[in-house]
Amino acid sequence: MTSMSRARVARRIAAGAAYGGGGIGLAGAAAVGLVVAEAHLARRQVNNGARPHVPHAEGRYGVAYDAPGPGKEPLRLTMLGDSTAAGQGVHRSGQTPGALLASGLAAVAERPVELRNVALPGARSDDLGRQVALVLGDTDRVPDVCVIMIGANDVTHRMPATRSVRHLSSAVRRLRTAGAEVVVGTCPDLGTIEPVQQPLRWLARRASRQLAAAQTIGAVEQGGRTVSLGDLLGPEFEANPRELFGPDHYHPSAEGYATAAMAVLPTVCAALGLWPAEEERPDVTRREGFLPVARAAAEAAAEPGTEVTAAMPTGPRGPWALLKRRRRRRVPESEPTTPTKA
């Protein structure tokens, strides 16, 4: 499928989400139906969602930067989404993506960061409404930035893409209206899960990328930013499955979560105005630039770690976006100094 074809599919899914359609399936309902039995077998093999272990990582990070005065108050970071956002599959709090992002953000901002995590293992996009209500329940403590990682369970449970994107778009809109910046880590590439065989592997990859592109359009049009997480279960994992997958061969290992956090951290910092100004301009040597949002979404879905953010209100072919391939920064592993109780 060409980039333009992928863009058209993503645009149709996003339009269906916006205007109430629901008939567009991922990779074709008939084709998916042929491999339902294999999908159930693969799900049992990877033990997805059974006995989830999620280290408690909430608390304050970067306490070395505690200092009185304006501009030194802790930044508030909140994680929403599924088991990937929660950090299922690792055993130490400092290995979860939330802890890694909080530590990295504190180092860049030179301010402490308060981490909250409302992500739920096994969650699909229709759980985001409940999670957002938890986040916005205290109007005096609206997060400075929210990171959402969602989509894998939508694919494995065959949720219609339009419905999935509709829930995500609503969540982004509510958080942005409340004043929070929003970064969405789009659906990872499920075509690299070790127990999954062909043709399910091909269908899973195609469905994952279609959903990721449509998520990008929906999130960006509501004022959020997205980062392609294809590399979370994608090429780097495919090349090093023993190193980057966790013991269940489904959830990432500590190294895998660090890889994802390195991809997301620059966008989190840019959303808060903490990234160097010179890096905010498109770099043609890295093939960055302004594109119609659907085309930018399709390109990002095919290239892990790519950021998409709104750029211009509209153009001859609809809204435009800035496509960026930011340089990754190593994020430190850290434990919270003042963890809160679950």
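Contact annotation: the side chain of R116 never approaches that of R141 to less than 4.5 Å [non-hydrogen atoms, C-beta and beyond]. Counting heavy atoms from C-beta outward, C187 and D154 have side chains that stay 4.5 Å or more apart. At a threshold of 4.5 Å between non-hydrogen side-chain atoms, the residues S170 and L128 do not count as touching. By the 4.5 Å heavy-atom criterion applied to side chains, L272 and L105 are counted as neighbours. A 4.5 Å side-chain heavy-atom check between Q131 and I148 finds every atom pair outside the cut-off. Side-chain contact check for V264 versus L229: some heavy-atom pair is nearer than 4.5 Å. With a 4.5 Å cut-off on side-chain heavy atoms, M79 and L101 count as touching. Residues P97 and T84 form no side-chain contact, since every pair of their non-hydrogen atoms from C-beta on lies 4.5 Å or further apart.
Between the OH atom of Y257 and the CD atom of Q88 there is a distance of 6.5 Å, given to the nearest 0.5 Å. To the nearest 0.5 angstrom, H56 atom NE2 is 9.5 Å from N117 atom CG. In this structure, the separation between CD on Q215 and OG on S169 is 9.0 Å, given to the nearest 0.5 Å. A distance of 7.5 Å separates SG in C146 from CG in L136, rounded to the nearest 0.5 Å. For the atom pair CG (D144) and CD (E73), the distance works out to 9.5 Å, reported to the nearest 0.5 Å. Atoms NE2 and OG1, from H167 and T162 in turn, are 9.5 Å apart once rounded to the nearest 0.5 Å.
Legend: salt bridge (charged side-chain N to carboxylate O under 4.0 Å, His left out) pairs involving residues 120-135, not counting sequence neighbours, sorted by first then second residue: D126-R163, D127-R130. Residue pairs meeting the salt bridge (charged side-chain N to carboxylate O under 4.0 Å, His left out) criterion with at least one partner in residues 169-187, sequence neighbours excluded, are R176-E181.
Residues satisfying the side chain to side chain donor-acceptor pair (under 3.5 Å) criterion with T309, sequence neighbours excluded, are absent altogether.
In summary, E288 and K324 engage in a salt bridge, as defined by a charged side-chain N under 4.0 Å from a carboxylate O.
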